[in-house]
Protein chains: 2
Amino acid sequence: MQANANTEATGAAAGGRPGKGRYHHGDLRNALIRAAIELAAEGGPDAVVLRAAARKVGVSATAAYRHFDSHSDLLGAVKDHGQQRLVECMEAGGREVRGSGPEATRQRMLGLGRGYIGFARQEPGLYRTAFCRKALGGFGVTEEGAVTEAGHQPGWEARSFEMLTETLDEAVTVGLIPPERRPGAELSAWAMVHGTAMLFLDGPLDVLSEEEAGYVIERVLRDVIAGLTTP
Amino acid sequence: MQANANTEATGAAAGGRPGKGRYHHGDLRNALIRAAIELAAEGGPDAVVLRAAARKVGVSATAAYRHFDSHSDLLGAVKDHGQQRLVECMEAGGREVRGSGPEATRQRMLGLGRGYIGFARQEPGLYRTAFCRKALGGFGVTEEGAVTEAGHQPGWEARSFEMLTETLDEAVTVGLIPPERRPGAELSAWAMVHGTAMLFLDGPLDVLSEEEAGYVIERVLRDVIAGLTTP
DNA sequence: TGATGCATGTTGACGCCGTGAACATCTGGT
DNA sequence: ACCAGATGTTCACGGCGTCAACATGCATCA
């Protein structure tokens, strides 16, 4: 990640059409990120081409290097955005259910899963980018073999996992999940929703009608919850 | 896919060091595939660079176009190989358990899952390539919007799914899975193992010790089977 | 057996990509 | 008013996938 240049160049803000003859753009970093996000949404991580983003903004390709260390750094910014959007969808799915008790918690787990898979289906390009290897973020290994600990807000990457953890804890409290089955439960849950999302995006599920997709999702979520709650 | 040029040039077979001064290689298609497989094994689908494969074989880059329609076609051949290797691992995992009855079937399901996840962990590059979008194979959509139906042996891609299907059918016969829960069960199972594999390759599970990984895998597989067998 | 046609390989070129170096322009602080 | 640094530009490099034109040699048939 770069030192940073996000502090909104005081003079020209996002208000007055930037890049209209002005030599300095005023908000290039964010403009590039927005352009890259559009590319990702349309074509997935492979469509996030640094030169294309620069072209979209109307700026030379190398200008991007004043705001990003590398292509991978730009892709990482898009990845962060994707993770954030995913979290929003999960939160929206979980918030639909209020109240407490086993059934409410069960419904909240379902909501989280629906939100997750729903995002993957509505924004396949962003979803794929959110879990793209090539982007900075997550963990990496330097050429010397040392483990580097990400760049970009590590918050978003962890946040979705955290939501799941909280809900599973709640499920134990409420008696839905036997305490002895709690450790590692998020792995099963995460694997299931991630795997299902992938089956929709790349696998045989991409041809399903909206109705069929709904059944499949409910079925899969019921299965994983049944697996977790069975003593 | 190309018309085909796989019919082992009668004269020079794989025996005598090919490409040793000979203008014609004799088995270039397979040599390129082997080189590409090595690249994929080491660096995943992104490492499958047509020019690099040609370099490895000691041939000009454009020579590859006598045997493959495009980079994507070569990648597709590697993908097929990965799928085949995956099937072999699943078969090996399933064959470990003989006999019949509910417990044997349950063990066979576990074996299939262990084989699947084991392959993903032992050959991450090939596994990723086996499920790579960019490669030909699977389904695709032409520029005019028509749905094309794959190239490359569609057999391997379907075969692993088929194995799962057979085992689940067996589980119903044997009374493990309630018949009414059978439809769609392969989706849950597939999603779970695929998702788990991804958590190992890209996710937070990549740092686990061999022992810890074993526990996680058993845990996840038990969860999904519990979900499927719960009435 | 020798000529010949086609499969197979090579060279060269094009336009794309990510990226570095050198140069140009603007802007905020003294 | 000036200057330093931030920001943007042009030019260049090597690598990529791919096409067109050309070279080579094996297999077939007169």
Side-chain angles (χ1 to χ4, degrees), chain A residues 2-13 16 18-33 35-36 39 43 45-78 134-136, chain B residues 2-13 16 18-33 35-36 39 43 45-78 134-136:
Chain A
Q2 189 132 318
N4 199 14
N6 230 348
T7 39
E8 189 72 58
T10 28
K20 184 60 182 181
R22 266 204 277 301
Y23 187 91
H24 283 72
H25 181 286
D27 192 28
L28 185 51
R29 179 181 169 89
N30 290 320
L32 284 171
I33 293 178
L39 292 170
D46 290 337
V48 178
V49 172
L50 189 146
R51 290 174 106 113
R55 236 175 284 136
K56 251 169 126 80
V57 176
V59 94
S60 74
T62 50
Y65 284 84
R66 299 295 174 194
H67 304 276
F68 300 93
D69 283 344
S70 64
H71 169 246
S72 174
D73 190 19
L74 170 59
L75 193 55
V78 180
K134 284 178 291 220
L136 256 49
Chain B
Q2 189 133 318
N4 200 12
N6 229 349
T7 40
E8 190 70 60
T10 30
K20 185 60 182 183
R22 264 204 280 301
Y23 186 91
H24 284 73
H25 181 285
D27 192 28
L28 185 50
R29 179 181 169 90
N30 290 322
L32 284 170
I33 293 178
L39 292 171
D46 290 337
V48 178
V49 172
L50 190 145
R51 290 174 107 113
R55 235 176 284 135
K56 250 169 127 80
V57 176
V59 94
S60 74
T62 50
Y65 284 84
R66 299 296 175 195
H67 304 276
F68 300 94
D69 283 344
S70 64
H71 170 246
S72 174
D73 190 20
L74 171 59
L75 193 54
V78 181
K134 284 179 290 218
L136 256 47

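The shown structure was predicted, so the numbers you read here are calculated from the model rather than taken from an experiment. Note on naming: letters A, B, ... go to the chains in the order of the sequence lines (proteins, then strands), and numbering restarts at 1 for each one.
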Send over the distance from Asp27(A) CG to dT7(D) C1', rounded to a whole Å.
13 Å
Any idea which of dT19(C), dG17(D), dG9(C) is nearest the Val49(B) side chain?
dG17(D)
May I have the distance from His71(B) (atom NE2) to dG15(D) (atom P), rounded to whole angstrom?
17 Å
Check whether any side-chain heavy atom of Arg66(B) lies under 4.5 Å from a side-chain heavy atom of Leu28(B), and answer yes or no.
no
Between Leu74(B) and His67(B), is there a side-chain heavy-atom distance shorter than 4.5 Å?
no
Closest approach of Ala61(A) and Leu50(A), non-hydrogen atoms and distance?
O-CD2, 3.5 Å
Restricting to nitrogen or oxygen on both sides, can you table the protein-nucleotides 11-14 of chain C pairs closer than 3.5 Å?
unit_1  : atom_1 : unit_2   : atom_2 : d
dT11(C) : O4     : Thr62(B) : OG1    : 2.7

Partners of Ala47(A) by side chain to side chain contact (heavy atoms under 4.5 Å, CB included), sequence neighbours excluded?
none
Take atom CG of Asp73(A) and atom P of dG20(C), then tell me their distance rounded to the nearest Å.
12 Å
Nearest 0.5 Å, please: how far is CD1 in Ile33(B) from CG in Leu75(B)?
11.5 Å
Distance in angstrom units between Arg29(A) CZ and dA6(D) C1', rounded:
15 Å
Value in whole Å for how far the P atom of dG25(D) lies from CG of Leu28(B)
16 Å
Send over the distance from Tyr65(B) OH to dC22(D) C1', rounded to a whole Å.
19 Å
Taking only residues at least two apart or on different chains, which pairs with a member in residues 47-62 of chain B satisfy salt bridge (Lys or Arg N to Asp or Glu O under 4.0 Å)?
Glu38(B)-Lys56(B)
Respond yes when some side-chain nitrogen or oxygen of His67(B) is under 4.0 Å from OP1 or OP2 of dG9(C), and no when none is.
yes
Residue-phosphate contact under 4.0 Å: Arg66(A) side-chain N/O, dT25(C) OP1/OP2
no
Rounding to a whole Å, what distance do you find between Phe68(B):CZ and dC19(D):P?
15 Å
Side chain to side chain contact (heavy atoms under 4.5 Å, CB included) involving Thr62(B) - partner list, sequence neighbours excluded:
Ser60(B)
What is the separation between atom CG on Asp46(B) and atom P on dG18(C), rounded to the nearest whole Å?
13 Å
